[in-house]
Q: 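Below you will find the structure I want to go over with you.
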Amino acid sequence: QEQLVESGGGLVLPGHSLTLSCAASENLFNNYDMGWFRQAPGKEREFVARISFSGRFTYYSDAVKGRFTISKDYTKKMVLLRMDNLQPEDTAVYYCNADPNIGGYYYTPSPLDFWGQGTQVTVSS
């Protein structure tokens, strides 16, 4: 079974940090490019971060570069997203994503992607 389960969302003050976790099934974790997308109300789902299946390469949107860090915990088969210096504009539902890297949809959703259920991140005073 291919499965992604996010956790770690919540309410956080501006300037503070939060770490999201995505528990992935073995096949997705080992063979897919893992990543995070987010979607705010009334907006398109947008790319946040990507890590290659090998863990050797990471990519970030301009909006989060320098503040967010994506990594893979190989022992627990989890993909982590550490979010530092969070701002109100980061408020969104964050979705874990697994991409087979087929068809050139590296930074955008594709019909072949697997998705978690999403976890809400709210940045507010």
Side-chain angles (χ1 to χ4, degrees):
Q1 181 181 14
E2 311 290 16
Q3 188 172 0
L4 301 170
V5 181
E6 305 101 326
S7 62
L11 176 64
V12 63
L13 294 169
H16 288 219
S17 298
L18 198 64
T19 297
L20 306 181
S21 301
C22 174
S25 55
E26 183 174 357
N27 181 48
L28 298 182
F29 185 85
N30 290 338
N31 301 311
Y32 282 63
D33 297 323
M34 305 296 300
W36 293 89
F37 288 72
R38 66 187 183 186
Q39 187 167 21
K43 295 186 177 181
E44 296 286 330
R45 188 168 298 188
E46 66 177 6
F47 168 77
V48 175
R50 175 74 69 191
I51 186 166
S52 63
F53 76 93
S54 65
R56 292 181 294 172
F57 307 100
T58 58
Y59 306 90
Y60 302 92
S61 69
D62 290 339
V64 308
K65 188 176 298 182
R67 298 188 298 121
F68 291 11
T69 303
I70 188 170
S71 61
K72 299 181 73 171
D73 184 329
Y74 292 92
T75 299
K76 298 181 178 180
K77 290 183 172 57
M78 295 175 59
V79 180
L80 307 177
L81 183 69
R82 179 181 175 88
M83 304 179 292
D84 294 323
N85 192 24
L86 283 162
Q87 302 299 314
E89 63 210 43
D90 297 313
T91 296
V93 177
Y94 284 70
Y95 296 92
C96 186
N97 167 271
D99 175 31
N101 195 17
I102 298 175
Y105 294 93
Y106 201 73
Y107 302 117
T108 58
S110 84
L112 299 178
D113 288 357
F114 290 88
W115 297 91
Q117 79 287 351
T119 185
Q120 176 71 47
V121 174
T122 303
V123 185
S124 176
S125 299

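Since this is a predicted model, take the numbers as computed values, not measurements. The analysis underlying the following values was restricted to heavy atoms, covering all of them including side chains, and did not include hydrogens, waters or symmetry mates.
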Q: With salt bridge (charged side-chain N to carboxylate O under 4.0 Å, His left out) as the rule and sequence neighbours excluded, what pairs involving residues 67-81 come up?
A: R67-D90

Q: side-chain hydrogen bond (donor to acceptor under 3.5 Å, both in side chains): which pairs involve residues 7-24, sequence neighbours left out?
A: S17-D84

Q: Give the other cluster members for L11, using side-chain heavy-atom distances under 4.5 Å between Ile, Leu, Val, Met, Phe, Trp and Tyr residues; answer none if it is isolated.
A: none

Q: Restricting to salt bridge (Lys or Arg N to Asp or Glu O under 4.0 Å), what partner residues turn up for K65, sequence neighbours left out?
A: D62

Q: Checking Q117 side chain against E6 main chain: does a donor-acceptor pair fall under 3.5 Å?
A: yes

Q: What are the two closest heavy atoms between A98 and M34, and how far apart are they?
A: CB-SD, 3.7 Å

Q: Could you walk me through whether L20 and T119 pass side chain to side chain contact (heavy atoms under 4.5 Å, CB included), step by step?
A: CA-CA 8 Å; L20 306 181; T119 185; 4.1 Å; yes

Q: Where do A92 and A40 come nearest, in terms of heavy atoms and distance?
A: CB-N, 3.9 Å

Q: So if you build clusters from Ile, Leu, Val, Met, Phe, Trp, Tyr with side-chain heavy-atom gaps below 4.5 Å, do F29 and L4 land together?
A: yes

Q: Following the transitive rule for hydrophobic clusters with a side-chain heavy-atom cut-off under 4.5 Å over Ile, Leu, Val, Met, Phe, Trp and Tyr, establish whether Y59 and W36 coincide in one cluster.
A: no

Q: With a 4.5 Å cut-off on side-chain heavy-atom distances among I, L, V, M, F, W and Y, is there a chain of contacts connecting I70 to M78?
A: no

Q: Check the pair V79, L81 against side chain to side chain contact (heavy atoms under 4.5 Å, CB included), reporting the backbone distance first and the verdict last.
A: CA-CA 7 Å; V79 180; L81 183 69; over 6 Å; no

Q: Between F37 and W115, is the gap from one ring center to the other below 6.0 Å?
A: yes

Q: Applying salt bridge (charged side-chain N to carboxylate O under 4.0 Å, His left out) as the test, list every pair that has at least one member in residues 110-125; sequence neighbours left out.
A: none

Q: Can you tell if the side chain of S124 reaches within under 4.5 Å of the side chain of P88, non-hydrogen atoms only?
A: no

Q: Disulfide bond (SG atoms under 2.5 Å apart): which pairs involve residues 3-106, sequence neighbours left out?
A: C22-C96

Q: Using links of under 4.5 Å between side-chain heavy atoms of ILVMFWY residues, direct or through other members, which residues join I102 in one cluster?
A: L112

Q: Check Y105 against D99 and note the closest heavy-atom contact, atom names and distance.
A: O-OD2, 3.6 Å

Q: Enumerate donor-acceptor pairs with a distance under 3.5 Å from any side-chain N or O in residues 44-58 to protein atoms, sequence neighbours excluded.
A:
{"residue": "R45", "atom": "NE", "partner": "Q39", "partner atom": "OE1", "Å": "3.3"}
{"residue": "R45", "atom": "NH2", "partner": "Q39", "partner atom": "OE1", "Å": "3.3"}
{"residue": "E46", "atom": "OE2", "partner": "R38", "partner atom": "NE", "Å": "2.6"}
{"residue": "E46", "atom": "OE2", "partner": "R38", "partner atom": "NH2", "Å": "3.2"}
{"residue": "R50", "atom": "NE", "partner": "Y106", "partner atom": "O", "Å": "3.2"}
{"residue": "R50", "atom": "NH1", "partner": "D33", "partner atom": "O", "Å": "3.0"}
{"residue": "R50", "atom": "NH1", "partner": "N97", "partner atom": "OD1", "Å": "2.6"}
{"residue": "R50", "atom": "NH2", "partner": "N97", "partner atom": "OD1", "Å": "3.0"}
{"residue": "R50", "atom": "NH2", "partner": "Y106", "partner atom": "O", "Å": "2.9"}
{"residue": "S52", "atom": "OG", "partner": "S54", "partner atom": "OG", "Å": "3.1"}
{"residue": "S52", "atom": "OG", "partner": "G55", "partner atom": "N", "Å": "3.4"}
{"residue": "S52", "atom": "OG", "partner": "R56", "partner atom": "N", "Å": "3.3"}
{"residue": "S52", "atom": "OG", "partner": "F57", "partner atom": "N", "Å": "3.1"}
{"residue": "S54", "atom": "OG", "partner": "R56", "partner atom": "N", "Å": "3.3"}
{"residue": "S54", "atom": "OG", "partner": "R56", "partner atom": "NE", "Å": "3.1"}

Q: Check the orientation of F68 and Y94. Use parallel for under 30°, tilted for 30 to 60°, and perpendicular for over 60°.
A: tilted

Q: Checking side chain to side chain contact (heavy atoms under 4.5 Å, CB included) for the pair L86/L18: CA distance, chi angles, key distance, verdict?
A: CA-CA 8 Å; L86 283 162; L18 198 64; 3.7 Å; yes

Q: According to the disulfide bond (SG atoms under 2.5 Å apart) rule, which pairs have a member within residues 32-79, sequence neighbours left out?
A: none

Q: List in chain and number order the residues that pass side chain to side chain contact (heavy atoms under 4.5 Å, CB included) with E2, two or more places apart in sequence or in another chain; answer none if no residue qualifies.
A: S25, N27, L28, F114

Q: The criterion is side-chain hydrogen bond (donor to acceptor under 3.5 Å, both in side chains); which residues satisfy it with T122, sequence neighbours excluded?
A: Q120

